[in-house]
2 protein chains.
Amino acid sequence: MELHQLRYFCAVAETGSFSRAAEQSHVAQPSLSQQIIKLEEELGARLFDRLGRSVRLTELGKIFLPRARAVLRELEAAKGDVVERKDFVGGPVTVGVIPTVGPYFLPRVLTSFSRKFPQVRFTVVEEITPVLLDRLRAGAIDVAILALPIRGHEFETKPLLTERLFAALPKNHRLAKRTALSLRDLRSEPFLLLRDGHCFRDTAVAACDRARLHPQVIFESGQFSSLLSMVGAGMGVSIVPEMAVERKSQCRYVHIADEQATRTIGTVVLRGRSLTRAHQAFLSHLHRD
Amino acid sequence: MELHQLRYFCAVAETGSFSRAAEQSHVAQPSLSQQIIKLEEELGARLFDRLGRSVRLTELGKIFLPRARAVLRELEAAKGDVVERKDFVGGPVTVGVIPTVGPYFLPRVLTSFSRKFPQVRFTVVEEITPVLLDRLRAGAIDVAILALPIRGHEFETKPLLTERLFAALPKNHRLAKRTALSLRDLRSEPFLLLRDGHCFRDTAVAACDRARLHPQVIFESGQFSSLLSMVGAGMGVSIVPEMAVERKSQCRYVHIADEQATRTIGTVVLRGRSLTRAHQAFLSHLHRD
DNA sequence: ACGATGGATAGGCATAGCCTATGGAGCTCC
DNA sequence: GGAGCTCCATAGGCTATGCCTATCCATCGT
């Protein structure tokens, strides 16, 4: 049983004539006749009585007609649904973000995007980079925002912004009034850093390495705000990205002028994964500058 | 969009693999791939993400899946409905019958048939022959029971029974004690006959013609029982078919022995019209002897 | 690095649906 | 009542399309 057979059948039922049905269906009358006959053979029953002049549905034909129409109606609904939704910017979007970006960057972007596309429902997952990448692979996350570069060519990355790093110092620190410094200037300071696993810890440590600095870490935490409180209390110094700089904290922030003392944030999606219009719109909203 | 494409799509969605879906669908994997691609092209959107190892539904695929299933479900329902009902003896049957047969013959047949096939719902139309034939042509009547022969080769007729004709005489009539008579014996009698239009009137008149008898008709009616009451009252004589003979009436009935003084009842259906199992069963019930 | 797995691509083939021409039955009109 | 028309069925040929095998290419696991 094929769809065009059902269409022909309905056309004959509607027009009451094979010829008119053929015309309406844009096929030759014999073609339509053949298909109706085939359909009848498959069902094992006549659907029409051919009575010289007129063609009439048999009892079984009358039963079959609404069912055939239902099939075609469902088909149109299926087609229409997809065609309609494929250009619709809406539905669920799950964004993954690393903790050192989440609180500083996402809220602003999400609110401005939601104003433009209120139909899009966001879910935000805040996890460290390797977890986010796993979730991307599994399809649990649509877009991730994290520090580049990352390894794995199954991902498509695109840089969003590169920010400078800052030294967070107690207010009364000897370097607090400087407008810039080098990591080497922090040679003898006790360090407060993020816990292992956070990629910004790696960024900071790598910068230190390049400066031949082996920081003495006296405190570790999972979020900047804890570190900065401790710094404000005079326990030591820390390194933070620009977006984590708190204007009205107890700390002073001095730009670290070392070469490559930066962090690049970018978007990551799974390569080969098809994106909805909502995903695409969100991505281009992020990269809109 | 074709049905096999929907089937393939569902198979891939279920198995999560083109290869397994192809196997399950009994086609080669490339064939299935091609059809999925065609489907995606027609919809203008990817339905699956091909991610090296695994295949996953896209957002649109997830939307499309239940709709595709709905189409296939409707299709199966349509097929099943017809296949189920085509062997089912039930549903409506409309029987047409002429007035001179209706009250004597049908009740007995309908009750015995309904005992066998209680699912069949009967509608009985009692009309004169030309009306019944029109209704047959229009499909408003499925089977007609009337006097043969009829004209028109668009009908299929089959004789049911041939009955003798009887003279209906008042009790004290001079011929009332005879066991048989000839129409010529009624030469001088006043006749009571059915109204024009009733085919049995034609049957009676034709029999009289053959007997060179030109009856003086003093009363006409649409039903035998009226005629027979009048005959019982001594107003004249009449001619009735065997099935109209009333055992406990005021009349005497004497067999008319003339050649061809008979009436043949038969079934009529529209040639080329397909009959349901209920129609077929009813016809063979009628002709069961 | 290698083979195994899984999907896409290429090219050939056969079927199936479409076409035109024609047949045959029924209806209309002169 | 016969000629012509209408309408569905049949016949025969053509083409498109879906299927096949062989092969390619990327990924994944050993």
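The sequence lines fix the lettering, A, B, ..., with proteins before strands; numbering per chain opens at 1.
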Completion exercise
Per nearest nucleotide of DNA chain C, the residue lying toward the 5' end, A/Leu51 or A/Lys38, is A/Lys38
Problem - Check ion pair A/Asp49-B/Arg273 (N to O, under 4.0 angstrom) - result: yes
Problem - Heavy-atom donor-acceptor pair, B/Arg263 side chain to B/Ala147 backbone, under 3.5 Å - result: no
Practice task
Could you state the atom-to-atom distance from CD of A/Gln35 to C1' of C/dT15 in whole Å?
Solution key: 13 Å
Practice task
Would you tell me if any nitrogen or oxygen in the side chain of B/Ser31 comes within less than 4.0 Å of OP1 or OP2 on D/dG18?
Solution key: no
Handout entry: Integer-rounded Å distance: C/dT15 C1' and B/His4 NE2
Key = 13 Å
Practice task
Please report, rounded to the nearest Å, how far the P atom of C/dT15 is from the CD atom of A/Glu2.
Solution key: 17 Å
Practice task
State whether B/Lys79 and B/Glu76 are salt-bridged, where the test is any N-O pair (Lys NZ or Arg NE/NH1/NH2 against Asp/Glu carboxylate O) under 4.0 Å.
Solution key: yes
Problem - Length of the line joining B/Glu41:CD and C/dA8:P, which is rounded to integer Å - result: 12 Å
Handout entry: For atom CD1 of A/Ile36 and atom C1' of C/dC18, their distance in whole Å
Key = 15 Å
Practice task
Considering only NZ, NE, NH1 and NH2 on the basic side and carboxylate oxygens on the acidic side, decide whether A/Arg50 and A/Glu40 come within less than 4.0 Å.
Solution key: yes
Exercise for the section: Please report, rounded to the nearest Å, how far the P atom of D/dT27 is from the CZ atom of B/Arg56. Expected result: 15 Å
Completion exercise
To the nearest angstrom, the CZ-P distance between A/Phe155 and D/dT27 comes to 13 Å
Problem - Euclidean distance, atom CG of residue B/Leu32 to atom P of D/dT21 [Å, nearest integer] - result: 14 Å
Problem - Ring-ring centroid check B/Phe117 B/Phe282, cutoff 6.0 Å - result: no
Completion exercise
Whether each nucleotide of nucleotides 4-9 of chain D has a protein heavy atom under 4.0 Å at its base (B), only at its sugar-phosphate (S) or at neither (-) is summarised, 5' to 3', as ---SBB
Exercise for the section: Salt-bridge test for A/Lys38 and A/Glu41: reply yes if a basic N is under 4.0 Å from a carboxylate O, no otherwise. Expected result: no
Exercise for the section: Look at the aromatic rings of B/Phe9 and B/Phe48 and report parallel, tilted or perpendicular, splitting at 30° and 60°. Expected result: tilted
Practice task
Looking at every strand, decide which applies to B/Phe48 at a 4.0 Å heavy-atom threshold: base, sugar-phosphate, or nothing.
Solution key: nothing
